[in-house]
2 protein chains.
Amino acid sequence: MNVLQFVLSENLSLRDPQETELGRKIVQESIEMIDMLGFECFTFKKLAQRIESTEASIYRYFENKHKLLIYLITWYWQWLEYKIDYGIQNIASPKQKLEIAIRILAERKEKDPTFPEINEEALYRIVIAESDKTYLTKQVDEDNKEGLFRGFKSLCKMIAGFIREINPEFEFAHSLASTAMQAAHQQLFFARHLPSLTELSDSQQDMHAQNAHFLKIMIFNSINSAT
Amino acid sequence: MNVLQFVLSENLSLRDPQETELGRKIVQESIEMIDMLGFECFTFKKLAQRIESTEASIYRYFENKHKLLIYLITWYWQWLEYKIDYGIQNIASPKQKLEIAIRILAERKEKDPTFPEINEEALYRIVIAESDKTYLTKQVDEDNKEGLFRGFKSLCKMIAGFIREINPEFEFAHSLASTAMQAAHQQLFFARHLPSLTELSDSQQDMHAQNAHFLKIMIFNSINSAT
DNA sequence: TCAAACAAGATAGTATTACTATTGTACGCG
DNA sequence: CGCGTACAATAGTAATACTATCTTGTTTGA
């Protein structure tokens, strides 16, 4: 048993994959496979072969691969929120809290021994390349009603809260927070695949620090604007 | 024949759809269908039924539906660039040029009689909901090598150019430009489907003006930052 | 004017995907 | 002992994303 585990929305899975051997295997191996193959080429059939189980068995945990993806992405956002929560303990200054949040958002992700079953580095790549696909669908409204996007929304609210603490007059706290959260990942994708869209470079060592620097400029200067 | 037509990359289509009746129909009707069904539910078979042609005939114009989507999105970015080019005629001040670009980027899109075959309003909705899918794939690097993303990159470069005219010291011109271009559409998507992520509201009349206002705050304050 | 070239319709076929349904079995618990 | 749970095994289906081939009708240019 784990020391810590996140409680994800009930609607995400048919049965809690953290509770059984097979469930944990599904989560663990699907991260590796989606990272390697990309979400479109990833199928339950291939996953079943890899974990030496059957398609039907996987379907008992996740309604379809879309829900599984949302499950993984949600886990990621909860993890980040947990890290930020932890990071701002005993810090009173809202500016400092926001700075810490940005740093954690942008920093390179490494294995977290608290969650031995999750390959956070692979999951991070999945978030960068696939997370938008969770909501860019025709069923977004139904999925949202079921609370499937709480992970992202919750962290956005937290960051927007820091922003409003700094300047309660600022009228676009949530817009700025969501824009920054998206940009944090998009810029890394661009750096790797469409480098002419960004100043970040995949080859530079401090890419993640540079990304945090960019986000800080964008956020802090926007907050204290005379509107 | 049209007065004006954009020259899109050769690699986007197997044969130029602007040249034939069938080609124009494919483009025209695919816009309506993707807007209505969403990209995943849209198929060449359904399109063929609608235009009373055959799947095989459509495949003679576009290798697959992914390329067709890129074709449409590219058309959109070229159209925006053309509108901005037109809008900044005889304007010398870089600040003003950037302001115009932001306004055009964020404003509500209406039918452009210059291009009678294209339903710009539907295409705009497609860009908002589907454009990220053009590059969030495992073949992004090959597609990029073929020059399929020139439309987006070109406009990004243009906007980054305005930014650097205003402040040549600013080190994240392209990052800021790409972030703003993405945010411009994302915020509208959020306003409609995930309203807790934005201050914009689908119901407010001046949503697009508000969006432009948000982007201006973000961009102009970032540019003149002391780094 | 005749033939070659091309556009596009008609038809058929394939591998894969995303499921659903049913049955059988091994294990643990009261 | 009997019951439920977990899961394997197998089969089947509709739809998708193509590919291939053959035919017809139209244009064109020598």
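Letters A, B, ... mirror the listed sequences (proteins, then strands); counts begin at 1.
Between A/His66 atom NE2 and C/dA18 atom P the separation is 12 Å, expressed in whole Å. At whole-Å resolution of the value, CD in A/Glu40 and C1' in D/dT16 are 14 Å apart. Separating the NZ atom of A/Lys67 from the P atom of C/dC19 is a distance of 11 Å, rounded to the nearest angstrom. Distance B/Leu47 CG to D/dT16 P: 13 Å, rounded to the nearest Å. Atom pair A/Lys65:NZ and C/dT17:C1' shows a separation of 8 Å (rounding to whole Å applied). Going from atom CG of A/Leu22 over to atom P of C/dC27 covers 16 Å, rounded to whole Å. Here the C1' atom of nucleotide C/dC6 and the CD atom of B/Glu21 are 17 Å apart, to the nearest Å. For the pair B/Phe44 CZ and D/dC18 P, the computed distance is 8 Å after rounding to whole Å.
Here the side chain of B/Thr43 is nearest to one of D/dT10, D/dT16, D/dA6, namely D/dT16. Here D/dA9 is the nucleotide among C/dA8, C/dT11, D/dA9 with the atom lying nearest to any side-chain atom of A/Arg60. Distances were taken from every side-chain heavy atom of B/Ala56 (C-beta onward) to each of C/dA10, D/dA17, D/dC7; the shortest belongs to C/dA10. Ranking D/dA8, C/dT11, D/dA17 by closeness to the B/Glu55 side chain, first place goes to D/dA17. For A/Asn64, whose side chain is taken as the heavy atoms from C-beta onward, the closest listed nucleotide among C/dG9, D/dC7, C/dC19 is C/dC19.
Backbone-only contact: B/Lys46 has heavy atoms under 4.0 Å from sugar-phosphate atoms and none from a base. When heavy atoms are screened at a 4.0 angstrom cut-off, B/Phe62 is found touching no nucleic acid atom at all. Contacts of B/Arg15 with the nucleic acid, taken as non-hydrogen atoms under 4.0 Å apart, involve only primed sugar atoms and P, OP1 or OP2. Looking at heavy-atom distances under 4.0 Å, A/Tyr59 makes contact with a base.
A/His208 is listed as a side-chain neighbour of A/Leu188, based on a closest heavy-atom distance under 4.5 Å.
Here B/Lys45 does not reach the OP1 or OP2 of D/dT16: none of its side-chain N or O atoms lies under 4.0 Å away. Checking the phosphate oxygens (OP1, OP2) of D/dA6, no side-chain nitrogen or oxygen of A/Thr20 falls inside 4.0 Å. In terms of phosphate contacts, A/Ser53 brings a side-chain nitrogen or oxygen within less than 4.0 Å of OP1 or OP2 of D/dA8. For D/dA9, neither phosphate oxygen OP1 nor OP2 lies less than 4.0 angstrom from any side-chain nitrogen or oxygen of A/Thr54.
Using cut-offs of 30° and 60° on the angle between ring planes, the pair B/Tyr76 and B/Tyr124 is parallel.
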For ring pair (Phe, Tyr, Trp, His ring centres under 6.0 Å), just list the numbers for B/Phe6 and B/Trp75, CA-CA rounded to whole Å, side-chain angles, deciding distance to a tenth of an Å, and then say yes or no. CA-CA 7 Å; B/Phe6 296 129; B/Trp75 192 97; 5.3 Å; yes
Can you check side chain to side chain donor-acceptor pair (under 3.5 Å) on A/Thr134 and A/Ser131, steps first, answer last? CA-CA 6 Å; A/Thr134 56; A/Ser131 68; 5.9 Å; no
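Of all heavy-atom pairs between B/Leu12 and B/Phe62, the closest is O-CD2, 3.6 Å. Minimum heavy-atom separation, B/Ala101 to B/Phe162: CB-CE1, 4.0 Å.
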